[in-house]
Structure formats: C-alpha cells, structure tokens
Amino acid sequence: MPKTILGKRFCLPDAMRSEMRKQFGVLYNGDGEDTTRQMLADMGSPAKLVAIGDISTFNLLQCGTVPDISVIDEKTHREPAGVDIIKCIRHSNFTEVDVTNPPGFVESELVSALSDAMDADVPVQIMVHGEEDLAALPAIVLAPVSSVVIYGLPDEGGIMVTVTPGVKERIYDMLDKMKCD
C-alpha cells in the first residue's frame, strides 16, 4: 500500500455507487442506543474510535462515550438534523475543525483533517460543510490498526469496522479507483 492519501482528492464515479453499499465491517441492525451499546461491548479497546455521521456520534455520546474523532455535517438522511441531535453532538470535549466537502467527493482538506485528528491527543470533531458520507473511507485508511470506525447504513443500522491491514488495503484500492485529479 502506498504511504499516503494525503494531498489527494477523490470522487465517486456512478459505476462505484453500488460498491459503496458493501459492508467492510459488521452490520448492527437498528440505529439507537441499544445498537450502539452492543457495538461498544463488542469493540474492546480500540486504538482510536472514529464516528462518521451525526447519528453515530449522537448515539455514542448518549451512551456516555466520546469518540476520539467525530465527523459530522449536522444532517441526517441529507436533511437538517434535529435541534436536540445538534445540541448533543456539539459536545464541549471536542476540538473543532471545519472543512468543506461536496457530495460524492473526498476533498484533500477532509483527508488532511482526518490525518491530523488521528495524531491528536484530544477528541476532535470535524464539521463538514457539504457532506460527510464518504469520510469513512479515508478514516479507515488513516486510522491505526485496531481502531474502530463506526458509520450508519441508512435504514439498516450501524456498521462497525475494525481496522486491519487487509481492510486498509481494500479501502485504499477503492480510493485508488476514485481519483479525480
């Protein structure tokens, strides 16, 4: 695997949209606290805990767990998130970073923010102006082995990916097909 995805920009071609629904981790059906508690029980002590999405972040915080990295856009199902969700996810424990990332893309700015967050000693929240739907891909590639990345699969549940060298390689290969520069 090449050493870095830093400085690169990725875009999702229409031909890969179905591939994005593949699961690279374990699907936990449901989207509430019970589902999240089961994930927390199953994950052990990850090197880093990364939450992608407002609901994933909300559920972790509701369960008393502050993820090391949270990537949000204040939307759920591409609609504005409720006031209660936004109030909860804008947790005071996070150092905040703002990035711009349009739908269907992973901008180099988001990759850089994720890379910096992986090195941080405090919880970091990346507020995406645009869309964070693809942020799990660079998060998995950049996360240390044994980290856990959690993201939602709309209308099905939450996906928990335990980062291994093999998973990192598979995701890197996907990103390699998504170069748009």
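Positions are given from 1, in the same order as the sequence printed here. Quick caveat: nothing in here was measured; it's all calculated off a predicted structure. These values consider heavy atoms only, across backbone and side chains, with no hydrogens, waters or symmetry-generated copies.
Side chain of Thr35 to backbone of Asn29: a donor-acceptor contact under 3.5 angstrom is found. Of the possible polar contacts, none joining the Asp173 side chain to the Lys177 backbone as a donor-acceptor pair under 3.5 Å is found. Under a 3.5 Å cut-off, the side chain of Asp68 and the backbone N or O of Val50 do not form any donor-acceptor pair. Checking side-chain atoms of Lys168 against main-chain N and O of Ala143 turns up a donor-acceptor pair under 3.5 Å.
Cluster membership check: Leu175 shares its hydrophobic cluster with Leu110, using side-chain heavy-atom separations under 4.5 Å among Ile, Leu, Val, Met, Phe, Trp and Tyr. In the hydrophobic clustering of this structure, Val124 does not group with Met127; members are Ile, Leu, Val, Met, Phe, Trp, Tyr whose side-chain heavy atoms approach within less than 4.5 Å, directly or through other members. Both Met178 and Ile171 are members of a single hydrophobic cluster when ILVMFWY side chains are connected at heavy-atom separations under 4.5 Å. No path of Ile, Leu, Val, Met, Phe, Trp and Tyr side chains, each step under 4.5 Å between heavy atoms, connects Leu114 with Ile89, placing them in separate hydrophobic clusters. Linking Ile, Leu, Val, Met, Phe, Trp and Tyr residues whenever their side-chain heavy atoms come within less than 4.5 Å places Ile159 and Phe24 in a single cluster.
Evaluation of the salt bridge (Lys or Arg N to Asp or Glu O under 4.0 Å) test over residues 119-131, restricted to residues two or more places apart or in two chains, returns Arg78-Glu131. Residue pairs meeting the salt bridge (Lys or Arg N to Asp or Glu O under 4.0 Å) criterion with at least one member in residues 39-62: none, sequence neighbours excluded. Listed by first and then second residue, the salt bridge (Lys or Arg N to Asp or Glu O under 4.0 Å) pairs involving residues 96-111 are Arg9-Glu107, Arg90-Glu96 (not counting sequence neighbours).
Partners of Ile55 according to the side chain to side chain contact (heavy atoms under 4.5 Å, CB included) rule, which considers only residues two or more places apart in sequence or in another chain, are Asn59, Thr76, Ile85. Under the rule for a side chain to side chain contact (heavy atoms under 4.5 Å, CB included), the partners of Cys88 that lie at least two apart in sequence or sit in another chain are Phe58, Leu61, Gln62. When the side chain to side chain contact (heavy atoms under 4.5 Å, CB included) test is applied to Lys87, no partner is found at least two apart in sequence or on another chain. Residues satisfying the side chain to side chain donor-acceptor pair (under 3.5 Å) criterion with Thr57, sequence neighbours excluded, are Ser70. Under the rule for a side chain to side chain contact (heavy atoms under 4.5 Å, CB included), the partners of Asp176 that lie at least two apart in sequence or sit in another chain are Tyr172, Lys179. Residues meeting the salt bridge (Lys or Arg N to Asp or Glu O under 4.0 Å) test with Asp14, sequence neighbours left out: Arg17.
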Test log, rule side chain to side chain contact (heavy atoms under 4.5 Å, CB included), inputs Met118 and Ile69: CA-CA 8 Å; Met118 294 295 171; Ile69 301 167; 3.5 Å; yes

His91/Gln125 under side chain to side chain contact (heavy atoms under 4.5 Å, CB included): CA gap, chis, key distance, verdict: CA-CA 9 Å; His91 199 276; Gln125 185 163 77; 5.8 Å; no

Working for side chain to side chain contact (heavy atoms under 4.5 Å, CB included), residues Val161 and Tyr151: CA-CA 9 Å; Val161 179; Tyr151 62 93; 3.8 Å; yes

Phe10/Leu134 under side chain to side chain contact (heavy atoms under 4.5 Å, CB included): CA gap, chis, key distance, verdict: CA-CA 10 Å; Phe10 305 94; Leu134 298 175; over 6 Å; no

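Contact of the Ile52 side chain with the Glu132 side chain is registered, since non-hydrogen atoms from C-beta on lie closer than 4.5 Å. Under the 4.5 Å side-chain criterion, counting only non-hydrogen atoms from C-beta, Lys8 is not in contact with Val111. At a threshold of 4.5 Å between non-hydrogen side-chain atoms, the residues Val97 and Asp116 do not count as touching. You'll find the side chain of Ile150 reaches within 4.5 Å of the side chain of Met43, heavy atoms only. Within the 4.5 Å cutoff, the side chain of Phe94 has heavy atoms near those of the Val66 side chain. Between Pro165 and Val145 there is a side-chain heavy-atom pair separated by less than 4.5 Å. You'll find the side chain of Leu60 reaches within 4.5 Å of the side chain of Leu49, heavy atoms only. The shortest distance between side-chain heavy atoms of Pro80 and Glu74 does not fall below 4.5 Å.
Nearest approach of Ser56 to Gly152, heavy atoms of both residues: OG-N, 3.6 Å. Scanning all heavy atoms of the two residues, the minimum distance from Arg37 to Cys63 falls at CG-SG, 3.6 Å. Of all non-hydrogen atoms in Pro138 and Val106, the two that sit nearest each other are CG-CG1, 3.7 Å. Closest heavy-atom contact between Ser115 and Leu6: CB-CD2, 3.6 Å. Taking all atoms of both residues into account, the shortest heavy-atom contact from Ile86 to Ala81 is CD1-O, 3.5 Å. Shown here for Val128 and Val71, the closest heavy-atom pair between the two residues is CG2-CG1, 3.7 Å.
Once rounded to the nearest 0.5 Å, the distance linking CG of Asp73 with CD1 of Ile126 reads 12.5 Å.
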